[in-house]
A.B. asks: 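Please read through the structure below; I'll follow up with questions.
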Amino acid sequence: MEKVWRGRWRGGRSERVKAFALIAKVSKSLRARSRAPSLCRHGLLKLTSPPRTCPLPAAALTAFVSSLNIYRFRSCFPAPFNSSSLRTPPALTMNADNRKGELVDLKSQLRQLAGSRQPGVEDIKRELYKKVISYMTIGIDVSSLFSEMVMCSATSDLVLKKMCYLYVGNYARGHPELALLTINFLQKDCHDDDPMIRGLALRSLCSLRVKNLVEYLVGPLRSGLKDGNGYVRTVAAMGVLKLYHIAPSQCTDNEFPAMLRALLLNDPDAQVVANCLCALQEIYAAEVNISPETALRDREHLLSKPVIYSLLNRIKDFTEWAQCLVLDMVSKYIPSDSDESFDMMNILEDRLQHTNSAVVLATIKVFLHLTISMADVHQQVYERIKAPLLTLVNSGSAEQTYAVLSHLHLLVLRAPALFSNDYKHFYCRYSDPTYVKKLKLEMLTAVANESNTYEIVTELSEYAANVDVAIARESIRAVGKIALQQYDVNAIVDRLLQFLEMEKDYVTAETLVLVKDLLRKYPQWSHDCIAVVGSVSSKAVTEPKAKAALIWMLGEYAYDMPDAPYILEGFVQNWTEENSAEVRLELLTAITKIFFKRPPESIKMLGAALSAGLADAHQDVHDRALLYYRLLQQGVEVAERVVNPAKQAVSVFADTQSSEIKDRIFDEFNSLSVVYQQPSYMFLDKEVRGPIELVEDTGLLPMGPTTTDDVLPSQLVDANDNDLLLGPSDKEDSIVAASNGSHAYNGPDLSGFDSLSAPQRSQSAAFPTPTPQVATTPAATSTSLLDFDDLLGLNTYDVSTPAPSSLKLKAKPSLDPQAFQRKWGQLAVASTVDHTLANVAALSTPQPLIRHMQANLVEVMASGGKAPTFKFFFYAQAADSPPTSGFFLVELIVNTSTASSQVKIKADDASLAPHFQELFLATLGSFGF
Amino acid sequence: MIRPLIFFFSFLLLLVSNSAEQGHEDRSGLAIMLHCVFILSDTGEIMLEKHWMGHQVDRSICAWFWKQAHPSERQETIQVPTVVAAPTYYVLHIVREGITFLACAKTEMPPLLGIEFLGRVADVLTEYLGGLNEDLVKDNFVIIYQLLDEMMDHGFPLTTEPSILKEMILPANLVSRVISVVTGTSTTLSSTLPSTTSSSVPWRASGIKHAKNEVYFDLVEEMDATVNKDGFLARCEVYGEVLGSSRLSGMPDVSLTFTNPSILNDVSFHPCVRIQAWESNQKLSFVPPDGSFKLMSYRIKNLKNTPIYVRPQFSSGGGVVTVTVMVGIRANVGKPVDNITLQLVLPPSVASSDLTANHGSVLPNHTTKVTTWTIGRIPKDKAPCLSGKLQLEAGLERLREYPTFLVGFKIMGVALSGLRSDRVDINRVDYSAYRGFRAVTRAGNYEIRS
């Protein structure tokens, strides 16, 4: 280890020297005379000031600064510096010699002073030390002076000591052998008369972070914890934590946690208590992995009544940061009865008036937790915390505003009426960053109710003309969302129609999408809307979503819009130029629907659209055209029942986040996950925290290539109409998908539609004679489709990847959950692989991967998580092994956002594990990872 | 059937996550928070880094962040929220004066703690360096490094009170800089150690001595208001702060009362304020920190009027927009309204502008499309008026995006909300000290939409 460090050290140094060279060169060219040596001697101040104007500076500065960092922070990152492009200029050698000379000079001076007891010697020492420290901070390696520095440190001068500690702290970790030299004087200083010196020495001692010096630490730490001075105890408490990080067992063996616990309750100094709390919390959190039982018990002790009360009673003595720490812990405490809760709230009430927003939020968390089971008090708490929260939203920096708004958003989802009178606080300001504005729009949407809708919508309408296009779009969507909440729809529809008159492409686009949604919920407004929508020039609409919405409305309200077929005809003629499959799909549906309503005008267009659809390269478009074609073959009425059934108005639109997740975030109030708007387990599931929720088990999964043969399409349609959460295009898609699943694709017999084909209408004769292409394509493909069926990606589950190794897996391994759990507990991890995934977009739900793995004889035990993080437990069994052995257990964690996965394999027979790993990764790879 | 299974799996996963944690080198508990702070320039260059946890956080996280924050080259401001989840860390950031302060946390933590801390770092640096910009940071990174060392220990905030920090680390003032240039040394170590560490009042050192004892309070109010398209005052609030500046010896006990404290809607205090005294008799009673500090902040909601009005009018046709903007006093607040400015951000569809005013100066900036009209004080004899024409880009008939006006003003000597101080008392000391109190009102975010 030491060698590695040294290697890095040297590397860093040479980079630095080169950087100096470059700087010297730059300065030279700038100032037209060589002052490089003096520049370097005087340090950074001058060195960094000139660049900017000269041609070379950016690279030089970067290299210079990063090389300094390498030095100062003992970093091992390579400096972004191309050494080959530069030769060492003469100035450097001179400079280096100069410096070497100075160092030698310093060294001898220090050496002379070491034993001297003359009267003014301290002052000379001070000057020398200052020089050394200043060299050190600008990145000159003065570690060669280590022994002299230590020799001179035998002094009573506080300033000298402080500088010496700074020096030692900087070099000890990189020079463990030299650090040993310091132990003696640091230990001695730990017994000094001056508490400051004791404290500083102890802190330096603990910060050496050199493993083999730990034994020298125990004694001073022990006496430090018992020291009469609060400052020393404060340092010692943190020192215990530092010791724990270097050598956990040494720390616990010496009973340090127990000593901290005693101090926690009894120490008169609040900062000592805070540091003890901080150290203990972390030690216990880490200790859980080593001895879970004792650690959990200790943690419980930390949350016991006497501890909590002793902390609460002196909460005002703590610094603001320590208060946050205490409050965070208090929020985990469960009071025995409501009186206790009220007592605690009385003590903490004034914390809501702290200037530090972190303290305020931590207090609110405590309040919410204390009252969670007392409904009426909970409501009062909401009222009480409103004012401070609203102040925080509007008075601080944008960053604070964002973080607080995230919390407000959470609260308003729980108590929507809470901020309904304070909606003005969520009006966007011109200077707000986009991300704050977005959140404010969400808030405005969330707080809208009968009484304030008019004002809010008026405000939102002003944003529609905003210069910031993203915000303009969002605000129109917000108006739509409010409209869907059923408040004052009349006014809102007017607003939306005004948007259409603004004649701005993106405003029109967003509005069309919204009008479509509105019409699905409030069909009674169709008359007003259609009049305006009809006047929208279809050429002005370019965005696919808006186009699709417009086409949907044209198809749906063909009766009300006289020229609907002719507008659609224009779209059909431009079929090949239409890039978006979504639009083409919608167009097929709309034209088919128009055909049911106004057949004479649209029959030609339908033929053209279907033939274009069948020739379409996009699979979905092709499929849908084929489906409609065949439906129409069965009779127009049948087709109409499927394509254009009577619609119910949509009553509720789905929320994007499930209530379960909202609850979970609520538990994590005042945590990063609120701001990040994801429950934390989705991101950091390695942490020791509550169990991960699982969304399903094997019992609920469609197993293997089972399909929905027996589901009638009519039921599917009904189901889809009841399932009001889908957009119109989604709905049609799902019909197509369902039909695919039900083998409707397999041939012209359309077995799934039998029940519908009875009442054939005579008009079916009016169905246009298909063009030759239309007529032949289905016929030509239908036979071959049978063969291709499985290869088209519909039912590929039994296409297994050829096993790359000799290992064969059993076809139907059976392992019950208990056995899995037992095995997982018993077996050691055979291998852990971190895998980079090539294609992760493939995974939005766990099911596809599960099906894929099952097709490859790897069964799933459990799966969970939500995009972007999934967790799976798989198992498989080697072929020709007895029923109870030969199992492989796998834990797979996939993170789609970082494109990485982690595979952990355990095996009954560890020798087979590498083979299995190979097989498993190959299978994963064949999924598209 | 399903429920028990879910329970079982929960337990299983708990087990697994525990075992996964075993042998993991980084044992992070909940108490530990920030692993490191990076200070980035406005081009994303790492100017300074400080790690507290004994191990280094890879700098590549900054490059990752910068890429996330600036999805396209031309976006200058940071486009990501304050907290983002990087693959390995939570990344918190704040931006002050173009400088990005970035902190990494590995575990869950209270977000505002991180944001507040970073804000405090920025404040302390600003105070120490006399400003905040790239050159200042680079010139002084020795001192910044020392400050960061004192402000946080092992990932937990320690001393963030500027007055105490100043006892440990001398600010880089002109004198010390001159000395360092002359002598070639640059040490900023103070020759004494902070005595506050043993003081019973965490924000104040014991044994402070001043030759001249004085304490000043500044009541600073900012008015935030939005006037909507129809000319209605959509919202109007006042955010006020009482800033203290204390140079008092010993351990003085100061009390401050207002004549009309009941108008305050929401107040928050510096830790030194005794909240019980406030609640019982609306009196601010405290032992002040030495130096300058923010004593309290408050909010007053729903003001009915703004001191000045701005009436913009636009009429467009044929690709030309005629603009007139009138500004005048709406309500007399007792003192003159000064430093009135009007900023007009023209929409992108405006190709050129030609605006003149009958009072004050008009300064158009054609690259940023911001036109600034500096009015100053409103004259007695005429109403200031900005008028002129905007030329729209070819093909546009009418103006579709209307500009927003940002208004600035300043009123010395009066708090817009009407809050007034009653008296300042200093107790528990044997000297008489000079006491000062003054008020000022500024426009905060005062915007007028058109």
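Just so it is clear: chains get the letters A, B, ... in the order the sequence lines come, proteins before strands, and each one is counted from 1.
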A.B. asks: Report which part of B:Tyr239 has an atom under 4.5 Å of a heavy atom belonging to chain A: side chain, backbone, both, or neither.
C.D. replies: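 Only the side chain of B:Tyr239 comes within 4.5 Å of chain A.
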A.B. asks: Nearest 0.5 Å please: distance from the CG atom of A:Asn394 over to the CG atom of B:Asn445.
C.D. replies: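 It is 9.5 Å, given to the nearest 0.5 Å.
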A.B. asks: Report which part of A:Pro433 has an atom under 4.5 Å of a heavy atom belonging to chain B: side chain, backbone, both, or neither.
C.D. replies: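 No part of it gets close to chain B.
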A.B. asks: How many angstroms lie between OG1 in A:Thr355 and CZ in B:Phe293, if you round to the nearest 0.5 Å?
C.D. replies: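 One finds 11.5 Å between OG1 of A:Thr355 and CZ of B:Phe293.
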A.B. asks: Any chance you could measure A:Glu349, atom CD, to B:Gln276, atom CD, to the nearest 0.5 Å?
C.D. replies: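 Taking CD in A:Glu349 and CD in B:Gln276, the distance rounds to 11.0 Å.
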A.B. asks: Would a 4.5 Å heavy-atom cut-off, applied to side chains only, mark A:Gln353 and B:Val273 as touching?
C.D. replies: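 A:Gln353 vs B:Val273: side chains apart.
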A.B. asks: Any side-chain heavy atom of A:Tyr430 within less than 4.5 Å of one from B:Leu406?
C.D. replies: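 Of all side-chain heavy-atom pairs linking B:Leu406 with A:Tyr430, at least one is under 4.5 Å.
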A.B. asks: Do the side chains of B:Arg299 and A:Leu390 get nearer than 4.5 Å, heavy atoms only?
C.D. replies: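 Contact flag for A:Leu390/B:Arg299 side chains = yes.
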A.B. asks: Find out whether A:Lys424 and B:Lys301 are in side-chain contact, i.e. whether some heavy atom of one side chain is under 4.5 Å from a heavy atom of the other.
C.D. replies: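 In short, these two side chains do not touch, never coming nearer than 4.5 Å.
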A.B. asks: At a heavy-atom separation under 4.5 Å, does B:Leu113 approach chain A through its side chain, its backbone, both, or neither?
C.D. replies: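 Contact with chain A is through both the backbone and side chain of B:Leu113.
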A.B. asks: Do B:Leu158 and A:Gln271 have side chains that get closer than 4.5 Å, going by heavy atoms?
C.D. replies: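 A side-chain contact exists here, since the closest heavy-atom pair is under 4.5 Å.
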A.B. asks: Apply side-chain contact (heavy atoms from CB on, under 4.5 Å) to residues B:Phe156 and A:Leu325 and explain how you reach the verdict.
C.D. replies: CA-CA 10 Å; B:Phe156 193 77; A:Leu325 191 68; 3.9 Å; yes
A.B. asks: Just checking, any donor-acceptor pair under 3.5 angstrom between side chains of B:Asn228 and A:Thr458?
C.D. replies: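 Judged by distance alone, the side chains do not pair up.
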A.B. asks: Please confirm whether the backbone N or O of B:Ile94 pairs with a side-chain atom of A:Glu399, one donor and one acceptor, at under 3.5 Å?
C.D. replies: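 No, A:Glu399 side chain to B:Ile94 backbone: no donor-acceptor pair under 3.5 Å.
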A.B. asks: Salt bridge (charged side-chain N to carboxylate O under 4.0 Å, His left out) for B:Asp266 and A:Lys386? Distances and angles first, verdict last.
C.D. replies: CA-CA 10 Å; B:Asp266 181 50; A:Lys386 217 163 80 171; over 6 Å; no
A.B. asks: Step through it carefully: locate the ring centre of A:His354, locate the ring centre of B:His270, and say whether they are under 6.0 Å apart.
C.D. replies: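 Between B:His270 and A:His354, which both carry aromatic rings, the centre distance is not below 6.0 Å.
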A.B. asks: How many angstroms lie between OG in A:Ser461 and NZ in B:Lys229, if you round to the nearest 0.5 Å?
C.D. replies: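 Atom-to-atom, A:Ser461:OG and B:Lys229:NZ are 8.0 Å apart.
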A.B. asks: Measure from the side-chain N and O atoms of A:Arg429 to the backbone N and O of B:Asp224, and report whether any donor-acceptor pair falls under 3.5 Å.
C.D. replies: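 Judged by distance alone, no pair lies under 3.5 Å.
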A.B. asks: Passes salt bridge (charged side-chain N to carboxylate O under 4.0 Å, His left out), A:Glu455 versus B:Arg235? Steps please.
C.D. replies: CA-CA 11 Å; A:Glu455 280 82 9; B:Arg235 66 186 185 102; over 6 Å; no
A.B. asks: Under 4.5 Å heavy-atom distance to chain A, tell me which part of B:Glu279 shows up: side chain, backbone, both or neither.
C.D. replies: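 The side chain, not the backbone.
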A.B. asks: Please assess A:Cys278 against B:His154 for the test side-chain contact (heavy atoms from CB on, under 4.5 Å), listing each intermediate value before the final yes or no.
C.D. replies: CA-CA 10 Å; A:Cys278 186; B:His154 209 67; over 6 Å; no
A.B. asks: Calculate, to the nearest 0.5 Å, the distance between atoms SG and CZ belonging to A:Cys324 and B:Phe117 respectively.
C.D. replies: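 Those atoms lie 12.5 Å apart.
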A.B. asks: Output yes when a side-chain donor or acceptor of A:Glu462 lies under 3.5 Å from a complementary backbone atom of B:Arg449, and no otherwise.
C.D. replies: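 Flag not set: sc A:Glu462 to bb B:Arg449 has no pair under 3.5 Å.
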A.B. asks: Taking atom CD of A:Gln400 and atom OG1 of B:Thr82, what is their separation to the nearest 0.5 Å?
C.D. replies: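 It is 10.0 Å, given to the nearest 0.5 Å.
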A.B. asks: Tell me, out of B:Thr226, B:Asn265, B:Val84, B:Val345, who's got the most heavy-atom pairs with chain A below 4.5 Å.
C.D. replies: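 Of the options given, most contacts go to B:Val345.
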A.B. asks: Specify which of A:Asn356, A:Thr234, A:Leu392 makes the most heavy-atom pairs with chain B at under 4.5 Å.
C.D. replies: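 The option with the most such pairs is A:Asn356.
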A.B. asks: Which heavy-atom pair separates B:Val80 from A:Tyr435 by the least distance, and what is that distance?
C.D. replies: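 Shortest heavy-atom contact: O-CE2, 3.2 Å.
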A.B. asks: Tell me which of these, A:Ala472, A:Ala387, A:Ala270, has more heavy-atom pairs under 4.5 Å with chain B than the rest.
C.D. replies: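 Of A:Ala472, A:Ala387, A:Ala270, A:Ala387 has the most heavy-atom pairs under 4.5 Å with chain B.
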A.B. asks: Among B:Pro271, B:Ser60, B:Pro347, which residue forms the greatest number of heavy-atom pairs with chain A at distances under 4.5 Å?
C.D. replies: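 Of the options given, most contacts go to B:Pro271.
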A.B. asks: According to side chain to side chain donor-acceptor pair (under 3.5 Å), who are the partners of A:Ser357, at least two apart in sequence or on a separate chain?
C.D. replies: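 With sequence neighbours excluded, A:Ser357 shows a side chain to side chain donor-acceptor pair (under 3.5 Å) to B:Glu116, given in chain and number order.
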A.B. asks: Less than 3.5 Å apart, any donor N or O on the side chain of B:Glu237 or A:His425 sitting next to an acceptor on the other?
C.D. replies: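 Side chains of B:Glu237 and A:His425: pair found under 3.5 Å.
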